[in-house]
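Structure, as structure tokens:
Being a predicted model, the structure only gives us computed values, none of them experimental. Whatever order the structure lists ligands and atoms in, that order sets their numbers, starting from 1.
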Amino acid sequence: MKIGIFDSGLGGLVITKTFINILPEYDYLYLGDTAHLPYGEKTSGRILKYTLDSVKYLAEQNCRLIIIACNTATSVALRYIQQKFAPLCMPGVKVLGVVIPTAETAVSAGAKRIGVIATSATVASHIYAAELQKLDSSVVVKEVAAPQLVPLIEAGNFQNMNNVLKDYLSAFPEMDSLILGCTHYPLIKENCRRLLSDSVKVISQDELMGKKLADYLRRHPEIESDLTHNCSRRFCVTKINPEASRIAARLIPDIFMEEVVF
Ligand code: DGL
């Protein structure tokens, strides 16, 4: 059985790449819902529907473990999937998200005044504030929606990036840590680091999710033992377009993308 990775688009490839680097032996199936990207500015109802369709597809393709690598989908759908949908519609499939591992990493690094940039839907859910405060009730969290970033990254428009970023980052004058709460943002983590003072820790999911998955598999032998070790990789999207192919090739140079319909 495989490890499935789901994102609303291709940002999740950044995380997939770290999984493949750290845990190359497993079989991976990536699904990017490019037909419906972006999720971040959609209603919760739409995000939930698209996420359920996508994880169901991955479960039907023999994924034993599914990582929702999309912060927006994690914020809106993960709890419902874990508590209601998976036990009923795909028993035996474990579904994890990206928010808790990110919050754990921030708190264990000693973060106290935390800024979060994310999509509008993620910020509206306040999932980061809730999860961070569950781990340490003394942390102060400020979440800011950064709706201009995903379209700029998707369009490969990095010229205007710093001006737009500067604007968003000015909302956090006091922070000691910045969480990049969107799968696209690892692509601009160095821009953030350059714009912020050295005392601000930038927490980027591509630098933590690989370790978190390895740790999870060590702690869950009942899941690990169901996973096959053939080093296979399959990359699927719900809509191929030239822009998507260009971004994918930049992230994983020898990538072959298939379009799937479900
Ligand atoms: N993948 C989404 C996230 O991590 C960002 C892109 C989108 O808006 O769909 O929040």
Of Lys189, Glu207, Gln205, which is the lone residue that meets side-chain contact (heavy atoms from CB on, under 4.5 Å) with Leu180?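 Only match with Leu180 under side-chain contact (heavy atoms from CB on, under 4.5 Å): Lys189.
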Report every pair formed by an N or O atom of ligand 1 and a protein N or O atom separated by less than 3.5 Å, giving atom names and the distance to 0.1 Å.
from: ligand 1; atom 1: 1 (N); to: Asp7; atom 2: OD1; distance (Å): 2.8
from: ligand 1; atom 1: 1 (N); to: Ser8; atom 2: OG; distance (Å): 3.0
from: ligand 1; atom 1: 1 (N); to: Thr183; atom 2: OG1; distance (Å): 2.8
from: ligand 1; atom 1: 4 (O); to: Asn71; atom 2: N; distance (Å): 2.9
from: ligand 1; atom 1: 4 (O); to: Asn71; atom 2: ND2; distance (Å): 3.4
from: ligand 1; atom 1: 4 (O); to: Thr183; atom 2: N; distance (Å): 2.9
from: ligand 1; atom 1: 4 (O); to: Thr183; atom 2: OG1; distance (Å): 3.0
from: ligand 1; atom 1: 8 (O); to: Tyr39; atom 2: N; distance (Å): 3.3
from: ligand 1; atom 1: 8 (O); to: Gly40; atom 2: N; distance (Å): 2.8
from: ligand 1; atom 1: 9 (O); to: Ser8; atom 2: OG; distance (Å): 2.6
from: ligand 1; atom 1: 9 (O); to: Tyr39; atom 2: N; distance (Å): 2.7
from: ligand 1; atom 1: 10 (O); to: Thr72; atom 2: N; distance (Å): 3.1
from: ligand 1; atom 1: 10 (O); to: Thr72; atom 2: OG1; distance (Å): 2.6

Yes or no on side chain to side chain donor-acceptor pair (under 3.5 Å) for Lys112 and Ser138, after CA distance, side-chain angles and deciding distance? CA-CA 7 Å; Lys112 287 289 178 198; Ser138 72; 3.2 Å; yes
Donor-acceptor check, side chain of Tyr28 to backbone of Phe19, threshold 3.5 angstrom: yes or no?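 Side chain of Tyr28 to backbone of Phe19: a pair is present.
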Using the side chain to side chain donor-acceptor pair (under 3.5 Å) rule, pick out the option among Arg219, Arg218, His229, Arg64 that qualifies with Glu224.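 Single side chain to side chain donor-acceptor pair (under 3.5 Å) partner of Glu224 among Arg219, Arg218, His229, Arg64: His229.
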Parallel, tilted or perpendicular: which describes the rings of Phe235 and Tyr30, with under 30° parallel and over 60° perpendicular?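 Rings of Phe235 and Tyr30: tilted, 30 to 60°.
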Which heavy atom in Thr119 sits nearest to a heavy atom in Thr122, and how many Å separate them?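 Smallest heavy-atom distance, with atoms named: OG1-OG1, 3.1 Å.
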